[in-house]
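Proteins get letters first, then strands, A, B, ... in listed order; numbering begins at 1 in each. We use all heavy atoms of the structure for the numbers below, so side chains are in, but hydrogens, waters and symmetry mates are not.
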Protein chains: 2
Amino acid sequence: MIKCHLSKLMGERKLKIVDVARETGVNRGTITRLYHETASRVELETIDALCRFLGCDVGELFEFVEGS
Amino acid sequence: MIKCHLSKLMGERKLKIVDVARETGVNRGTITRLYHETASRVELETIDALCRFLGCDVGELFEFVEGS
DNA sequence: GCATAATGATCTTTAGGAGAACATTTTGAG
DNA sequence: CTCAAAATGTTCTCCTAAAGATCATTATGC
């Protein structure tokens with residue numbers, strides 16, 4: 001499965017969902033879905049905005065976890 | 001921007017688009033779009049199947065490149 | 001306690017991936 | 001070279017989930 005570490009990255013930076021939504025320009029609902037890992041599809045533009053804002057690479061945001 | 005290295009990974013392994021499509025169960029059109037980097041949205045399930053088949057992590061498949 | 005902000009939840013709209021079918025190109029055997 | 005099969009490219013429809021907006025609920029702090 002693919003695990004999204006947005007909540008962890010946001011926690012480390014003490015960021016709120018609204019902050020991330022406002023700063024990245026990404027819809028708040030989308031951030032919420034990624035935060036709670038209920039998203040099953042992602043726009044590359046969204047990944048781009050998050051990586052740029054969080055100063056991280058794609059591999060830190062999404063991780064491939066063996067099994068299920 | 002987000003760069004997809006599927007073509008590079010496939011080249012290294014000398015894989016054809018049909019091979020990847022057949023082995024991963026992912027639609028050939030989807031593989032084609034990722035191969036030519038014309039996709040702007042991706043299913044996490046697709047990323048999962050590709051990582052599993054190619055034996056790589058998400059960061060090797062997608063890279064965040066600064067600029068534009 | 002109250003006002004404001006943040007989050008959660010839900011609805012509609014819409015973009016684009018998924019899937020399939022057809023066209024074209026490439027490849028290899030004879 | 002010729003032909004057939006396979007691989008790739010292209011284009012179409014369908015359908016799902018992100019995007020966007022709104023309302024309800026829950027924190028936060030003054």
Side-chain angles (χ1 to χ4, degrees):
Chain A
M1 67 168 298
I2 299 295
K3 192 154 173 29
C4 178
H5 292 128
L6 178 61
S7 59
K8 180 186 143 201
L9 292 168
M10 281 174 56
E12 288 170 354
R13 293 160 176 74
K14 307 198 197 310
L15 293 166
K16 298 172 196 168
I17 289 179
V18 273
D19 295 330
V20 180
R22 193 185 333 109
E23 298 294 320
T24 59
V26 175
N27 184 272
R28 187 168 64 85
T30 305
I31 304 293
T32 303
R33 277 186 288 274
L34 289 171
Y35 186 93
H36 293 292
E37 303 192 58
T38 53
S40 65
R41 182 194 296 177
V42 201
E43 300 279 336
L44 296 188
E45 201 179 327
T46 298
I47 301 178
D48 186 67
L50 287 173
C51 285
R52 174 168 293 116
F53 176 61
L54 295 170
C56 70
D57 211 331
V58 185
E60 298 171 65
L61 193 56
F62 292 100
E63 186 195 7
F64 170 64
V65 182
E66 202 75 51
S68 51
Chain B
M1 67 168 298
I2 298 296
K3 192 153 174 31
C4 178
H5 292 128
L6 178 61
S7 59
K8 181 186 142 201
L9 292 168
M10 281 173 56
E12 288 171 354
R13 293 161 175 73
K14 307 199 197 308
L15 292 167
K16 297 172 196 168
I17 289 179
V18 274
D19 294 332
V20 180
R22 194 185 330 110
E23 298 294 321
T24 59
V26 175
N27 185 272
R28 188 169 62 84
T30 305
I31 303 293
T32 302
R33 277 187 288 273
L34 289 171
Y35 186 94
H36 293 291
E37 304 193 57
T38 54
S40 66
R41 184 196 293 174
V42 201
E43 299 278 336
L44 296 188
E45 202 179 327
T46 298
I47 301 178
D48 187 67
L50 286 173
C51 286
R52 174 168 291 116
F53 175 61
L54 295 170
C56 71
D57 210 330
V58 184
E60 298 170 65
L61 192 55
F62 292 101
E63 185 195 6
F64 170 63
V65 183
E66 203 74 52
S68 55

Earlier contact from the 5' end, DNA chain C, for B:V42 and A:I17 = A:I17
According to a strict under-4.0 Å criterion, is B:S40 in side-chain N/O contact with OP1 or OP2 of C:dG17?
-> yes
Could you check how far CG of A:L15 sits from C1' of C:dA6, rounded to whole Å?
-> 14 Å
Return the nearest nucleotide to the side chain of B:R28; candidates are C:dT7, D:dG9, D:dA17.
-> D:dG9
So, B:R41 side chain and A:R41 main chain: donor-acceptor pair closer than 3.5 Å or not?
-> no
Could you check how far CD of A:E37 sits from P of C:dG8, rounded to whole Å?
-> 14 Å
Could you give the CZ-to-P distance, from A:R22 to C:dA5, as a whole number of Å?
-> 10 Å
Out of curiosity, does B:L44 fall in the hydrophobic cluster containing B:L61 (side-chain heavy atoms, cut-off under 4.5 Å, transitive links)?
-> yes
Assign each of A:V26 and B:D19 the nucleotide of DNA chain D bearing its closest heavy atom; nearer the 5' end lies the nucleotide of B:D19
Heavy atoms of B:I17 and B:R28 approach each other most closely as CG2-CG, 3.7 Å
Using a cut-off of less than 4.0 Å, is there contact between a side-chain N or O of B:T30 and OP1 or OP2 of C:dG17?
-> no
In whole angstroms, the gap separating P of D:dA18 from OH of A:Y35 amounts to 18 Å
Given C:dA18, is OP1 or OP2 found less than 4.0 Å from the side-chain N or O atoms of B:T46?
-> yes
Nearest-nucleotide pick for B:E43, side chain only, options being C:dT7, C:dA18, D:dG20 = C:dA18
A:K16 NZ to D:dT28 C1': how many Å, rounded?
-> 8 Å
Ignoring the backbone of B:R41, work out which of C:dA18, C:dA15, D:dG9 is nearest its side chain.
-> C:dA15
Is any side-chain heavy atom of B:I47 closer than 4.5 Å to a side-chain heavy atom of A:V42?
-> no
Nearest atoms (heavy-atom pairs only) where B:A49 meets B:V26 | CB-CG2, 3.9 Å
For the pair made of NZ in B:K14 and P in C:dT27, what is the distance, rounded to whole Å?
-> 15 Å
Hey, is the side chain of B:R33 pairing donor to acceptor with the base of D:dG9 inside 3.5 Å?
-> no
From CD1 of B:I31 across to P of C:dG17 the rounded distance in Å is 13 Å
A:N27 CG to D:dA21 C1', in whole Å, measures 9 Å
Any idea which of C:dG8, D:dA17, D:dG9 is nearest the B:H36 side chain?
-> D:dG9
